[in-house]
Every structure is written in C-alpha cells, then in structure tokens.
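First comes the structure, then the notes that go with it.
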Amino acid sequence: MSDVAARKAEIRALAEAARDKKAAYGPDLDLSAFNAAQDAESVESLEALDKQMKEVALSVGIESSEEGRAGTYFQVDRSPIYQRVTEMYGGKLEIMSTKDAVELYPELMYEQYYWRAVAPDKDKYTALVALQETEGYFIRVLPGQKIDKPIQACLFVSENNITQNVHNVIVMEEGSEATVITGCTIHPKVREGLHAGISEFYLGKGSKLTFTMIHNWAEDFDVRPRTAIVLDEDATYINNYVLMKPVKSIQSFPVAKCVGDRSRAVFNSIVYGLEDSTIDIGSESIMEGEGSRSEAIARTVSRDRSVVYSRGRLIGRTNDCKAHLDCRGMVQSAESTQWAIPDLASEGAPGAELSHEAAISPIAAEEIYYLMSRGVPKDEAVSMITRGFLDLEIPGLPAALRRQIDKALEETAKDSM
Amino acid sequence: MSVDSASPLLQVEGLHVSVGDREILRGVDLVIAEGETHVLLGPNGGGKTTLLNTIVGLPGYRVTAGRILFKGTDLAGLEIDERARLGIGVAFQRPPAVRGIKLKQLIQVAGGDSFDEAAMADVIGGLTLERMIDRDVNMGFSGGEMKRSEMAQLIAQAPDLTLFDEPESGVDLDNIAVVGGAMTRLLKAERVGKGTRSGLIVTHTGHILEYVNADIGHVLYNGRLACKGNPRDLIDEIGKHGYDKCVECAICQM
Ligand SMILES: Nc1ncnc2c1ncn2[C@@H]1O[C@H](COP(=O)(O)OP(=O)(O)OP(=O)(O)O)[C@@H](O)[C@H]1O
Ligand SMILES: [Mg+2]
C-alpha cells in the first residue's frame, strides 16, 4: 500500500472511532438529524447567481462583480460552483477545491497539509467531515508573491436541513502575503442545518496571512468550525472574526501554533449575540518558537436571550514569548448570559509573559445621555455606542475589509432600531 | 435693543428639584431673554449643576413643583434629545468618555446634515483639535482638551441657549482664551432672522468673564436664586465676604 493509501485508511479509522465523540465545548448535536448535501450547478460567472444570493453573499463580504478581488471561490452546499484567479494574479496564486488539490498533489497534501493541523478524531464534527467526502477551498500563494487585493471565498448553504461539510486549506509559501475574506451564509429560505468546517492554514517563513471570516446564519442553524494554523519563522497570522446575526449555536476555537521563531498570531473577534443564539467562541495560541507573540481581542455584546462564551487560551512553551488576551463583554438584556473565560498556561517556560484583561459591563447610561444631549435620539445613541464598542480598531486592516465590517455593523445598528 | 424688552427664551418658574429623596432646588425663578448671557454663581454642592441638568432633562432630577418653559414650550415630558433639537445645548462639567466613538463623529452628529466639510475644518482649526479628532471622545483627554472638545460639539450643534458648566475648570490660561473665544463665537452668532443666542455660565472664579461678556449674574444659595446683579460685582463681593454675606449685601437687585 502506498503512503497516501495508508494515510487515507488511517484518517478513516480515526474518524470512525470518533463518530460519537462529543466536543469539548458547545451544545452537543445529533448529527443524524441532518440530511446529506446535494450537488449544485456550476456557474460561468457570479453575476449569473440569483439576486437574492448575490445580496446575501455581499453581506458577508463577497463581491459578485469580483471587483477589487484577486480571486474567488464559491461553494454552494457540497459543490464548488465557481473558482477563478483574476488575470493579473495568474501565476501568483492557486484557487481550487480541496478535492482537486488532493488529486493534483496527493503526496504533498497527505504528507503536509491535509488533516495535519486538525486531527480527524478531534470530535464528532471533524469525524463527520473526514467520513463524508467533501469539498472546501484550497488556496496557495506562491513564494514571495504579495497579493494586494483580497481573495474571497464563499461557503453558501442553499437547502434546508443539510450538513455542509467543508475542508479548507491555505498554504502561504515563503515570503508570500495575502488577505482572504471568507463569507459563510445561507439562502434566506434556509432555517435549520449544520455547517461543519475544517480549516488548516500553513504559513511559511516570513509569510503573512490576514484571514477575515464573516458569518451570517439563521436562528435555527448550527455551526462547528474546526481551525488550526501553523506558523513558521517570522510568519504573521491575523484572524478577524465577525458574527452579527442570530444563530442557533456556534462553537469555534481556532488554534494557532506559533512553531517558528518570531512568529506572531493575532485574533480579533466581534460578536453580537441576538435572540436565542448560543455562541461559544475563542482562540488558543501556542507559543513554541523563540520570540513568538500573540494577541487575542474579543468584543462581545449580548442581547435578547443569547448566551455568549468568550474564551481565550494562551500557552507559552518557550522562555522568550509574550501574549495578551483582552475580552470585553457588554450585556444589554436581563435574559442574556455572558461568560469571559481567559485561560493562561506556562509549560516549562519560566520566562513566558502571559497576561489578560477580561471585563463584562453594561452599556453606560451617561454615555447614552451624552449623545442625546447633542440631539441624537435614544435608539440611535444606543446603536452608536454599541457599534463603537464592537468597532475594533484593527491595525493594518485593508480598507476593503474595514468597509465590509463597517457595513455589517451598520446593518446591525439599523436592525436594532 | 434693550435687554429687558427682548422676548424670553428660557423661563424657569418656582422650580423645585429633588435628587433621590433630597430636595436640592427649592423655588428657582429665572428668565433668560434672547441674546442675553447670564452667570450662575454659588457654593459647591449648591445645586448649579442640578439646575443645568434639569433643564437638559437628565433622568434622576425630579421636578416636584414649578416648570421650565423654553421658547414658550413646557419642557416637562420631553426627552433629552428633543430638548436638544429644540435648541438647548450643554457643555458638561465632566463629560463621559465614549469608547469607539470618535470626536469627529460626534461633532458631525451634533452638526447634522447641513454641517459640511468646510464647517468641520473651521471648527477643528479654530480649536486646534487636529490631533484629537480621530480619538475616542474624551478618552484620556486632558482637562483643557475636554473643554475644547465640548466647545467643538456645541459650535456644530449651534444651540439657541447654551448652558456652560464651569467652562474654565481645569483649563490653563492659554486654553481659557481659546475656550472663551469659542463661547463668544457661540453666543454672538446670529440666529437666522432671530437675533443672537443666549447662554448660562456656571463659574466659581469668573476668569472666563475676561473673554466672554455676560449681562446678569445670579447666586444660587439654599436652593434658590438668592441674589442678582452685575456678575463682576457679585464675584468681587463673594471674594471679599463669602457667600453668606453676599446674599445679604446691597449689590443685589432683588
Ligand atoms: N446624581 C446625584 N446623586 C446624588 N446626589 C446628587 C446627584 N446629583 C447631585 N447631587 C447632590 O446635589 C447637591 C447639588 O449638587 P450640584 O452638583 O448640583 O452642585 P453644584 O452647585 O454644581 O456644585 P459644584 O460647584 O461643586 O459643581 C450635592 O449635594 C450633590 O451631592
Ligand atoms: Mg457643578
């Protein structure tokens, strides 16, 4: 048996054994309640999508005109329906489905990238993705290439009560730079369903990836991403996560492994808990490389009956490492619950410097009155302050992303009025 | 135009205000006509801020008797923002910091749609706010910066009546001139076809009056306006003999 075949069998066996393994965090889901996803038709251009789809895609940062984008990947249910690298970026990056990448580079994928950062037997959700042949995107930025426009990837669910299982792989070759916007959303007719997503990102020496994920689900939809990032020397990973709409439950806890010396991982999260959402988000940074750094900043607002967990874990395994957590929550409803759970560990690294700040507080009445005294109506004052609280000033955020996040915040402000 | 003949902009009549279960104001009467600037003096804890906040409409200041009319409208039951849109502005003694809201954004909001780029540039330049404009409002602002930020918002808002709560406190001499200049600009600006604007200035020292002209002074004492007269004379008298004596003295026109 070839190495690839042996590894395939191993992945399968691990996953089989983890079929019923509950996740460490978040409500447990009965996976038998969901149907398998069906095929969707490919399109020649994103402009061919129906108007409603284009609109919801836009709300998660996906431009159907592809204007200002270096490339696009669009998946509906289980099918990649569109993928393209814009002409001027030809030869600089590759975009394809992960399935195609596994066919094109079997040895490379199985040896280095596919199920190497996330374990197939982590829990029942990784097992689900491993056992049901899936797609997801593969993005590779070639050595030294600096992609100055965002690459966009949309994972779209169009049918009710299916599971969309995706496996995404991003490979940043040495010295490359890119920004990826991933927008995950559903057709307005979809009520319930499950999105389970494996994401494995590999950052080569001196590379930089800014990864922004905008989620937009529905009241009865469940979401279980499983993400790991591996950073080589001098690599920088910046993760921006935005959730502004109701969801039934989401549980996500990406892990950044700062293996290389002087590598750096940054997590910024903006979460708006609405209605009956159960939101359990966080991140873990493991610092193994000398001089590695990490920073995790979360801003969470909870309204209605939402339950929000904001976790953050920093693990120092080398003497020269430094990391900070900053989680601030604002509770805006008597029926909602928030947890801020910072978690620090120094493992055999007496020189590690790890710190955290966590706070949960109400919206300040005197701030509302202050704005009102300038003629701003109360509702508008509340949404301005909420927006301001959630508006993380993320240094170095590309203008296009800034606008995207602003737009999401603005829409939320409008909705809350 | 004689000040006395001008029509009243603000009329406070027999106002009693309680905070919690404590009565702070016990029958305040005050009339401010269009174009007039009044000064409010009085000991610490006497209720000056209470009077201003009650006019602004902050919750917690309970009117138990009397009323406040602005442009002839009874303010009872009007929200803070409604009063602001009627033409009442306030420079707070200690404005709160608001995380995530930039000073520029708040000036713009205060100015409304008609407040354009040129007007913004003018306000920023006039108050040398260039380095503060993109910072969160009042977040880590020094005393003087905070007052300049308040002035900028008010110039944008252009209220018909501005209430200034200790505009010179915590401000150095250079900045007093800047703040005073902004106040004069606010108070002297023409209201379209309506004469000039009005103000009520709370001060302990009167320093600000070197930069702003004021017509009438009042002393808030024991929950009432105990004394009325030329603002400078009142301040001199208080300086010499203290509040207790002042309210009995001859300068008072009441
Ligand atoms: N929100 C409040 N809660 C409790 N007490 C209050 C409140 N606001 C005002 N007071 C009390 O009312 C009284 C009047 O206070 P106010 O701030 O109006 O005085 P002031 O004349 O402005 O004083 P200063 O010159 O020190 O600014 C004080 O005893 C003060 O403690
Ligand atoms: Mg006061």
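Order of the sequence lines fixes the chain letters, A, B, ..., with proteins taken first and strands second; residue numbering starts at 1 for each chain.
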- Note on the structure: The interface call for A:Arg328 against chain B, heavy-atom contacts under 4.5 Å, is side chain
- Decide if atom CD of B:Glu117 counts as having more than 12 heavy atoms of other residues, nucleotides or ligands within a radius under 6.0 Å. no
- Task: Begin from the C-alpha positions of A:Met384 and B:Gln105 and carry the test side-chain contact (heavy atoms from CB on, under 4.5 Å) through to its verdict.
- Result: CA-CA 10 Å; A:Met384 268 179 83; B:Gln105 206 184 334; 3.9 Å; yes
- Answer whether the closest heavy-atom distance between the side chains of B:Arg85 and A:Pro377 falls below 4.5 Å. yes
- Query: Of all of B:Pro95, B:Pro96, B:Ala97, B:Ala84, which one pairs up most often with chain A through heavy atoms under 4.5 Å apart?
  - Reply: B:Pro96
- Given that the side chain runs from C-beta out, which part of B:Leu86 has a heavy atom under 4.5 Å from chain A: side chain, backbone, both or neither? neither
- With sequence neighbours excluded, residues passing salt bridge (charged side-chain N to carboxylate O under 4.0 Å, His left out) with B:Arg94: none
- Task: Side-chain contact test, heavy atoms from C-beta onward, threshold under 4.5 Å: evaluate it for B:Leu106 versus A:Leu371 and give yes or no.
- Result: yes
- Item | Backbone N/O of B:Leu154 and side chain of A:Arg374: donor-acceptor pair under 3.5 Å | no
- Task: Tell me, yes or no, whether the heavy-atom count around B:Lys102 atom NZ, taken from other residues, nucleotides or ligands under 6.0 Å, exceeds 12.
- Result: yes
- Kindly compute the distance separating CD (B:Glu79) from OG (A:Ser373), expressed to the nearest 0.5 Å. 13.0 Å
- Would you kindly say whether B:Gln153 and A:Tyr370 are connected by a side-chain donor-acceptor distance under 3.5 Å? yes
- Task: Please examine the side chains of A:Glu367 and B:Arg99, heavy atoms only from C-beta on, and report whether any two atoms are closer than 4.5 Å.
- Result: no
- Message: Using a 4.5 Å heavy-atom cutoff, which residues in residues 46-64 of chain B come close to chain A?
- Response: B:Val56, B:Leu58, B:Pro59
- Message: Run the side-chain contact (heavy atoms from CB on, under 4.5 Å) test on A:Lys378 and B:Asp81 for me, step by step, so that the C-alpha distance in whole Å, both residues' side-chain angles and the decisive distance to 0.1 Å come before the verdict.
- Response: CA-CA 7 Å; A:Lys378 186 170 189 175; B:Asp81 58 307; 5.5 Å; no
- For the residue pair B:Val109 and A:Glu380, establish whether any side-chain heavy-atom pair is separated by less than 4.5 Å. no
